[in-house]
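Have a look at the structure below before the remarks.
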Protein chains: 2
Amino acid sequence: MKEKEAKSLVKMFKALAHPNRFRLFLEIVQESEKAFEEGHDCFANAIMDKLNVGAPTISHHLKELVNADLISTERKGKFLTCRVNPDAMARLNVFFSRT
Amino acid sequence: MKEKEAKSLVKMFKALAHPNRFRLFLEIVQESEKAFEEGHDCFANAIMDKLNVGAPTISHHLKELVNADLISTERKGKFLTCRVNPDAMARLNVFFSRT
DNA sequence: TCGATAGTTTGACGAATGTCGAATTGATAA
DNA sequence: TTATCAATTCGACATTCGTCAAACTATCGA
């Protein structure tokens, strides 16, 4: 494995390595599926209510997930929408399939 | 996903979330394959030389990998042998396949 | 325009983490 | 037994990290 890919994977692991941030990620995955089926977006707002941490913390954690390339966000008016990055998932999948 | 499984995954991610520890894990994976083909064990000793950290640090990192259930170790005389835990790999594989 | 709502930035603080040197244990070889 | 080598434990240190309160920005509705 290339050094660059290893570094990228480590960043993803670090992003998933905290209970609250992992739960946040799981919620986004779940909510994304539901949102897709129902034809709307996944709003950060809806997820924030489910976790027991303040808004600044959520904002901070979201930034780390984005920074690790696990998700991407887009501002829609007053709200923030989230999408899981399929490419990242694919790379993680490959890594653990070959290990 | 059950809370218990989530906790276990987070522990694995945390164990893989540091560059040196991830490299250590990669070396064990690699060395394990080679060792299997050549009919011997994977010795911690052989791996230690490849990383630029002291023995106490390696010992510490190995313990975390074991604690996360990613590997198991066995003392053979003066040396320590390592084996990747296939069950852990399978669970990680499942997680990223379904995500 | 004004007030309310969603999210971000900043600064601070305690907790957890990675690393090392020194001392220690366990096992082999001489 | 003694010397040597592999690995662990302990104590300390600097660094990173998670969280929050307060202040701020941006957008929408009235």
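So you know, we letter chains A, B, ... as the sequences are listed, proteins then strands, and number each from 1.
Under 4.0 angstrom from either OP1 or OP2 of C/dT19 there lies no side-chain N or O belonging to B/Thr57.
When rounded to the nearest whole Å, the span between NZ of B/Lys76 and P of C/dT28 equals 13 Å. Atoms CG (A/Asp49) and C1' (C/dG7) sit 13 Å apart, rounded to a whole Å. Taking atom NE2 on B/His18 and atom P on C/dG18, their separation rounds to 5 Å, with Å as the unit. Protein atom NZ of A/Lys78 is 12 Å distant from nucleotide atom P of C/dA4, rounded to whole Å. Put simply, NE2 on A/His61 is 15 Å from C1' on C/dG7, counting in whole angstrom units. The distance between atom CZ of A/Phe43 and atom P of C/dT5, rounded to the nearest whole Å, is 18 Å. Rounded to whole Å, the distance from CZ on B/Arg23 to C1' on C/dG18 is 15 Å. Per the geometry, NE2 belonging to A/His60 stands 12 Å off C1' belonging to C/dT9, to the nearest Å.
Between B/Ala17 and A/Val10, the shortest heavy-atom distance links the atoms O-CG1, 3.6 Å.
Between A/Lys14 and A/Glu64 there is no salt bridge, since no side-chain N of the basic residue sits under 4.0 Å from a carboxylate O of the acidic one.
Aromatic ring orientation, A/Phe79 versus A/Phe43: perpendicular (interplanar angle above 60°, classes split at 30° and 60°).
A nucleotide of DNA chain D counts as in contact with chain B when one of its atoms lies under 4.0 Å from a heavy atom; the first and last such, 5' to 3', are D/dC5 to D/dT9.
Proximity of a side-chain donor or acceptor of B/Arg23 to a complementary backbone N or O of B/Lys50 within less than 3.5 Å is detected.
Residues B/Met1 and A/Phe25 are members of one and the same hydrophobic cluster, defined by side-chain heavy-atom contacts under 4.5 angstrom among Ile, Leu, Val, Met, Phe, Trp and Tyr.
Ring centroids of A/Phe95 and B/Phe22 are separated by less than 6.0 Å, placing the two rings close together.
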